[in-house]
Amino acid sequence: MNNTKRIVLILGILLSASGKAATDTIPTNRPEPTTYLTREQMYADFDFLTNLLNTEMPHPAIRRMATGVDIPAETQALRAEMDTVTCDAGFHDVLTRAQFLYNDPHCSFLGGDSTAEAALKHLYSGYRYGYNQKFPLIYTDGKYYTLFAYTDSLGHTLIQPGTRVTHVSGIPIDRYMDTGNRRMQRNTRWDFKYNKFWSTDLNDPRTLGLADDFTLTLKQRRHKTVRMDMVKRSWPGGQRTGSGDFKIYYWDEDSILYIRLPRMDHDRIAWINEELQKHREAPVAHVVIDVRGNGGGSDAVWRTLLQNLLDRPLSYPVRLAFPNEENINYFTREYTREKIGPDSCFILTNTSRITPAETSLRFQGPIHVLFDEDCFSSTLSLLSVCQSTDRLVSVGSPSGYLAGIGVNPMPVSLPNSRIHFRFPSCVEITAGTDARSIYRQDVEEEVSVPIKARINMIHNFSGEVYGQDYLYRFDPVFRHLLKQWKRLPKKKR
């Protein structure tokens, strides 16, 4: 790749990119279309980007091993749509859908001060007709369910939360997730148990012209089937109460130190260390780190936390595969070559070490870390460490993402539009070179969360869901640990 086109931002070998993929909601305003780029420049930028991603990003080959989908072939088919583009907003639209095909939240646009980029984004903001996006669903055991209730204009409940969804605009939902939904977002996951794509975000099929309407077919109790028109119907927002708060609790009755990390926020490291010191003299029997819903940030957060908990050094192996030799040279000149799927990759092998700080609590037992399907980026680097050492035990549910330890995504700037972009340049292969091992998504103690518990967490509990009352009485994942420790609270008579 031409170095004059690349902006290199290397922040360290074991750091993952910060941030969770943003929700893409498209406003209804439609600016007048303008064109700053020639058709030749549009083709040149599209080819530059997709050739780069197909040769320097290992994920397309890994995803094909798992899913059978040929991403380079899909982007080539999308390229033909450039002939129908009549303005810069249309060009930006094709680029946006190209990045969705690569199906990775780290493969995305970057913000910048480019005048051309700002103009393109302004134009694109009204390009997709204002259809509402990202309707939330529950996905569990291979099936989909509503997260919220639906009411009529008089407030009467039509559909209860937890109602099964079987079709989207008449299309079976599994097929829709594969052929439609994954082309409209970068958050689609892969379920190895059921061998299919899945997502908890549902996109409006009209966005890509897959249907003229937007309906959901729902299977109610006693197998009654209802088809509901979703046009102009909004789903209320909702999240776990207090889910954005950092918490450190010590519960004397069971000698449990509970640490809640909602994100890997580098600015909270000092606070975390100060709070831990308050429990230096406590007789800690169990440590729980709860990272459910944590979309990532800085590896320094969880590494520093472990430095202040462990009683002895923790070492774990790391093997990273880079398709491009130039990219691995930013990190090391000592590497091997190995075939990963159909491709030959350059392999970085390293051993990482976390050494206890002088202020460490010197905890001697296993540390349990709670994960769920909303974890990503740096948080899943922590999951990879859990899988590599018996000092950390992962508990909860898999994310479905292709994850693991990595390096910061590589930034690039497109030559004509000057749009800034980023992409992951390597993938972790520590556990093996088959697709499931590379995905690195499995937790060691998987705990199924019933639909009712997911709904109650948002709708039916008014307190702090990451507080002691909820965790002890209702949280299936935390109660899984209490049962192991024989600490389940006695039922009230």
Side-chain angles (χ1 to χ4, degrees), residues 1-22 49 52-60 62 99 102-113 186-187 261 263-269 291 294-305 316-335 345-354 375-385 399 401-414 419-430 438-440:
M1 176 185 172
N2 189 338
N3 283 330
T4 62
K5 300 286 190 351
R6 174 174 288 165
I7 307 166
V8 180
L9 299 175
I10 305 301
L11 298 181
I13 186 165
L14 297 178
L15 294 181
S16 296
S18 62
K20 196 173 184 177
L49 179 61
L52 176 72
L53 298 180
N54 292 338
T55 58
E56 298 194 22
M57 183 176 169
H59 298 59
I62 306 304
Q99 59 153 311
Y102 289 89
N103 193 209
D104 193 293
H106 283 152
C107 182
S108 61
F109 293 117
L110 282 172
D113 58 3
R186 63 180 72 88
N187 294 332
L261 300 181
R263 57 193 176 277
M264 299 301 177
D265 186 346
H266 193 277
D267 292 339
R268 300 305 296 268
I269 289 178
V291 295
N294 188 323
S298 170
D299 285 7
V301 176
W302 58 263
R303 287 179 64 88
T304 305
L305 173 60
Y316 55 92
V318 178
R319 299 184 74 230
L320 303 180
F322 294 76
N324 182 273
E325 188 171 16
E326 181 182 332
N327 291 338
I328 197 173
N329 282 331
Y330 289 121
F331 304 98
T332 182
R333 298 287 177 169
E334 298 181 2
Y335 48 83
C345 289
F346 302 91
I347 312 300
L348 181 154
T349 302
N350 186 33
T351 298
S352 189
R353 182 181 176 90
I354 298 176
C375 293
F376 184 63
S377 193
S378 172
T379 310
L380 296 182
S381 294
L382 174 58
L383 173 59
S384 181
V385 178
S399 70
Y401 286 116
L402 199 171
I405 294 170
V407 301
N408 272 27
M410 189 73 71
V412 297
S413 180
L414 303 189
I419 293 175
H420 304 314
F421 204 85
R422 66 173 187 166
F423 68 95
S425 61
C426 69
V427 70
E428 186 188 2
I429 58 168
T430 309
I438 296 175
Y439 261 69
R440 265 320 220 183

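The structure displayed is predicted, hence computed values, not measured ones.
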Next on the checklist: Would you say the rings of F423 and H59 are close, in the sense that their centroids are separated by under 6.0 Å?
Outcome noted: no
Next on the checklist: Between P105 and N187, is there a side-chain heavy-atom distance shorter than 4.5 Å?
Outcome noted: yes
Checklist entry - Are Y335 and F322 near enough that their ring centres are under 6.0 Å apart? => result no
Checklist outcome for this item: Closest non-hydrogen contact found for C107 with R186 is O-NE, 3.7 Å
Next on the checklist: Which heavy atom of G296 sits nearest to which heavy atom of S377, and what is that distance?
Outcome noted: CA-CB, 4.0 Å
Checklist entry - Is any side-chain heavy atom of N327 closer than 4.5 Å to a side-chain heavy atom of C426? => result no
Next on the checklist: Evaluate I405 against L380 for side chain to side chain contact (heavy atoms under 4.5 Å, CB included), listing each step before the verdict.
Outcome noted: CA-CA 7 Å; I405 294 170; L380 296 182; over 6 Å; no
Item to check | Side-chain touch M264/T379, heavy atoms, less than 4.5 angstrom | outcome: yes
Checklist entry - Side chains of N329 and F346: closer than 4.5 Å at any heavy-atom pair? => result no
Next on the checklist: Any side-chain to backbone donor/acceptor pair from N324 onto T55? Under 3.5 Å, distance only.
Outcome noted: no
Checklist entry - Do L110 and F421 come close enough that some side-chain heavy atom pair is under 4.5 Å? => result no
Next on the checklist: Could you check whether S108 and R422, counting side-chain N and O atoms only, form a donor-acceptor pair closer than 3.5 Å?
Outcome noted: yes
Checklist entry - Do you know the tightest heavy-atom contact between R440 and A403? => result CB-O, 3.9 Å
Checklist entry - Below 4.5 Å, heavy atoms only, C-beta onward: do F376 and S399 meet side chain to side chain? => result no
Checklist entry - How far apart are the C-alpha atoms of I429 and L320, what are their side-chain angles, what is the distance that settles it, and do they pass the side chain to side chain contact (heavy atoms under 4.5 Å, CB included) test? => result CA-CA 6 Å; I429 58 168; L320 303 180; over 6 Å; no
Checklist entry - Side chains of L402 and V427: closer than 4.5 Å at any heavy-atom pair? => result yes
Item to check | Short side-chain donor-acceptor distance under 3.5 Å, E428 and S384 | outcome: yes
Item to check | Worked verdict on M57 versus Y102 for side chain to side chain contact (heavy atoms under 4.5 Å, CB included) | outcome: CA-CA 9 Å; M57 183 176 169; Y102 289 89; 4.2 Å; yes
Checklist entry - Counting only N and O atoms by type, is there a donor-acceptor contact under 3.5 Å from the side chain of T430 to the main-chain atoms of R319? => result yes
Checklist outcome for this item: All heavy atoms of L305 vs all of L261, minimum pair found to be CD2-CD1, 3.8 Å
Checklist entry - Should V412 and L52 be marked as a side chain to side chain contact (heavy atoms under 4.5 Å, CB included) after you check the CA-CA gap, both sets of side-chain angles, and the distance that decides it? => result CA-CA 10 Å; V412 297; L52 176 72; 3.5 Å; yes
Checklist entry - So how far is it from I438 CD1 to I62 CD1, rounded to the nearest 0.5 Å? => result 3.5 Å
Checklist entry - Do the non-hydrogen side-chain atoms of W302 and S378 ever get within less than 4.5 Å of each other? => result yes
Next on the checklist: Would the distance check show the side chain of S425 and the main-chain N or O of M410 forming a donor-acceptor pair, the cut-off being under 3.5 Å?
Outcome noted: no
Next on the checklist: Quiz question: by atom type and distance under 3.5 Å, do the side chains of N350 and Y316 form a donor-acceptor pair?
Outcome noted: no
Next on the checklist: If we count only N and O atoms by modelled type, under 3.5 Å, do the side chains of S352 and R303 hold a donor and an acceptor together?
Outcome noted: yes
